[in-house]
Amino acid sequence: MGGGYFTNDTTRAERVRDLFDAIAPRYDLINDLQSLWLHRRWKKRLVALANPRSGQRALDLCCGTGDIAFALARNGADVTGLDFSKPMLDQANRRNCDLTVTFREGDALETGLPDDHFDCVTIAFGLRNLASFENGLREMHRLTKPGGKMLVLDFGKPTFAPWRWIYFCYLKWIVPWFGRLICRDAPAYAYIHESLENYPAQDGVEKVMHELGCKEITIHRILGSAMTINVGVK
Ligand SMILES: C[S@@+](CC[C@H](N)C(=O)[O-])C[C@H]1O[C@@H](n2cnc3c(N)ncnc32)[C@H](O)[C@@H]1O
C-alpha cells in the first residue's frame, strides 16, 4: 500500500500534522473500528498505571481528541492536554463539556512548560509520530517531577515472529482499507505501518528511559506485544 504521509526528513512534523488535520472528524470512529473498540481498554490500562491522585498534575502529550486526558481528569487529576493539530483539539474541546481539562496547542518536542512540574506525563500513540522519539522522551523527562511517572502507550513489535508477521500484515493491508472506507484516505492509515517500521517500539523506549536515569522501568505487554505500555519513574 503506497504511503504519502510518512517522511523521514525535515518535513516530517508538517506531514504528520496534515494527516491528523485531515482525519480529525473521523478519528474516534476509525479508532473504534480498527481496534474493535479495544483501544479503550488499552487506554484505561495506561490511566490505571498512571493512577494520579486527586489534585495531582497530569500532562497528556499528543492528546488528540482527549481520551487519555479526560480519563486522567476523571481520576481527579488537574490535567493539561497538548497537541499540535488544531482540528484534533477542536474535537477534544467539543467533548470538554465541564471544562475540566486545559487543552493547549503546541509541539510535544518543545512544550514550553516548566521543568519538574507534572506528577505524571503520558503519551498514547504519539511518540512514534515525533520527528525524534528520543527527544520526545527527553521532554517528558524534563517535565516530570522527581518521583513522578512517564508512561508511553503505542503499537509494539511482537517478538514471536509468526504473530509479528500476521500483525504487520493487518497493519499494512487491512488498516488502510478502513482508512479508505471511512476517511477516503488509505495513505493516512498506511502511515501506521510505515511509522512503526521506523520506530524501535518498546525496547527502544526502554533503552532511552534507562539512559535518562529512570527507575522502576517496566514494559506492559498487551496481545503478545502488539500494544505495549512503557513506564518509568523519574
Ligand atoms: C494517533 S493520534 C493519538 C491521539 C490520542 N493520544 C489517542 O490516543 O487517541 C497522534 C496525535 O499526536 C499529535 N502529534 C503528532 N506529533 C506531534 C507533535 N510533534 N506535537 C504535538 N502533537 C503531535 C497529532 O496531532 C495527533 O493528534
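Every number for a ligand or one of its atoms is a count from 1 in the order of the listing.
- The protein non-hydrogen atom at the shortest distance from atom 20 (N) of ligand 1 is Ala108 N, 2.8 Å.
- Between Asp90 and Lys86 there is a salt bridge, with a side-chain nitrogen of the basic residue lying less than 4.0 Å from a carboxylate oxygen of the acidic one.
- Pairing each heavy atom of Lys149 with each of Leu49, the nearest pair is NZ-O, 2.7 Å.
- By the 4.5 Å heavy-atom criterion applied to side chains, Trp173 and Phe168 are not counted as neighbours.
- Of all atoms in ligand 1, listed by their number and element, those nearer than 4.0 Å to a heavy atom of Gly106 are 20 (N), 21 (C).
- A donor-acceptor pair shorter than 3.5 Å cannot be found between the side chains of Arg17 and Ser85.
- Trp37 and Val47 fall within the same hydrophobic cluster, where Ile, Leu, Val, Met, Phe, Trp and Tyr residues are linked whenever their side-chain heavy atoms come under 4.5 Å apart, directly or through other members.
- With contacts defined as side-chain heavy-atom distances shorter than 4.5 Å, the pair Thr80/Arg57 does not qualify.
- At least one N or O atom of Tyr27, backbone or side chain, sits closer than 3.5 Å to an N or O atom of ligand 1.
- Looking only at heavy atoms of the protein, atom 10 (C) of ligand 1 is closest to Phe125 O, 3.3 Å.
- Close N/O approach between Asp107 and ligand 1 is found [any backbone or side-chain N/O within under 3.5 Å].
- Closest protein heavy atom to atom 11 (C) of ligand 1: Asp83 OD2, 3.6 Å.
- With a 4.0 Å heavy-atom cut-off, ligand 1 is reached by no atom of Ala13.
- Nearest approach of Arg104 to Leu89, heavy atoms of both residues: O-CD1, 3.6 Å.
- Residue-ligand proximity, Cys63 to ligand 1, at heavy-atom distances under 4.0 Å covers atoms 5 (C), 6 (N).
- Here the shortest heavy-atom pairing between Gly136 and Leu109 reads N-CD2, 3.4 Å.
- Residue Ala124 places at least one N or O, backbone or side chain, under 3.5 Å from an N or O of ligand 1.
- Using a 4.5 Å heavy-atom cutoff, the side chains of Phe125 and Met227 are in contact.
- Residue Leu130 approaches ligand 1 through these ligand atoms, each under 4.0 Å from one of its heavy atoms: 16 (N), 17 (C), 18 (C), 19 (N).
- In the vicinity of Lys43, heavy-atom distances shorter than 4.0 Å reach the ligand 1 atoms 7 (C), 8 (O), 9 (O).
- At under 3.5 Å, not a single nitrogen or oxygen of Phe20, backbone or side chain, sits near a nitrogen or oxygen of ligand 1.
- Inclusion of Asp67 in the set of residues having an N or O under 3.5 Å from an N or O of ligand 1 is not warranted.
- Side-chain contact check for Ser225 and Arg221: at least one donor-acceptor pair (N or O, by modelled atom type) lies under 3.5 Å.
- For ligand 1, the atoms sitting less than 4.0 Å from at least one non-hydrogen atom of Gly64 are 4 (C), 27 (O), numbered in the order shown with element in parentheses.
- Annotation: Val16 places no N or O atom under 3.5 Å from an N or O atom of ligand 1; distance criterion only.
- When only modelled atom types and interatomic distance are considered, Tyr199 and Asn129 share no side-chain donor-acceptor pair under 3.5 Å.
- Of the protein's non-hydrogen atoms, the one nearest atom 12 (O) of ligand 1 is Cys62 CB, 3.2 Å.
- Nearest non-hydrogen protein atom to atom 14 (N) of ligand 1 is Phe84 CE2, 3.5 Å.
- In this structure, Gly136 falls outside the shell of residues with a heavy atom less than 4.0 angstrom from ligand 1.
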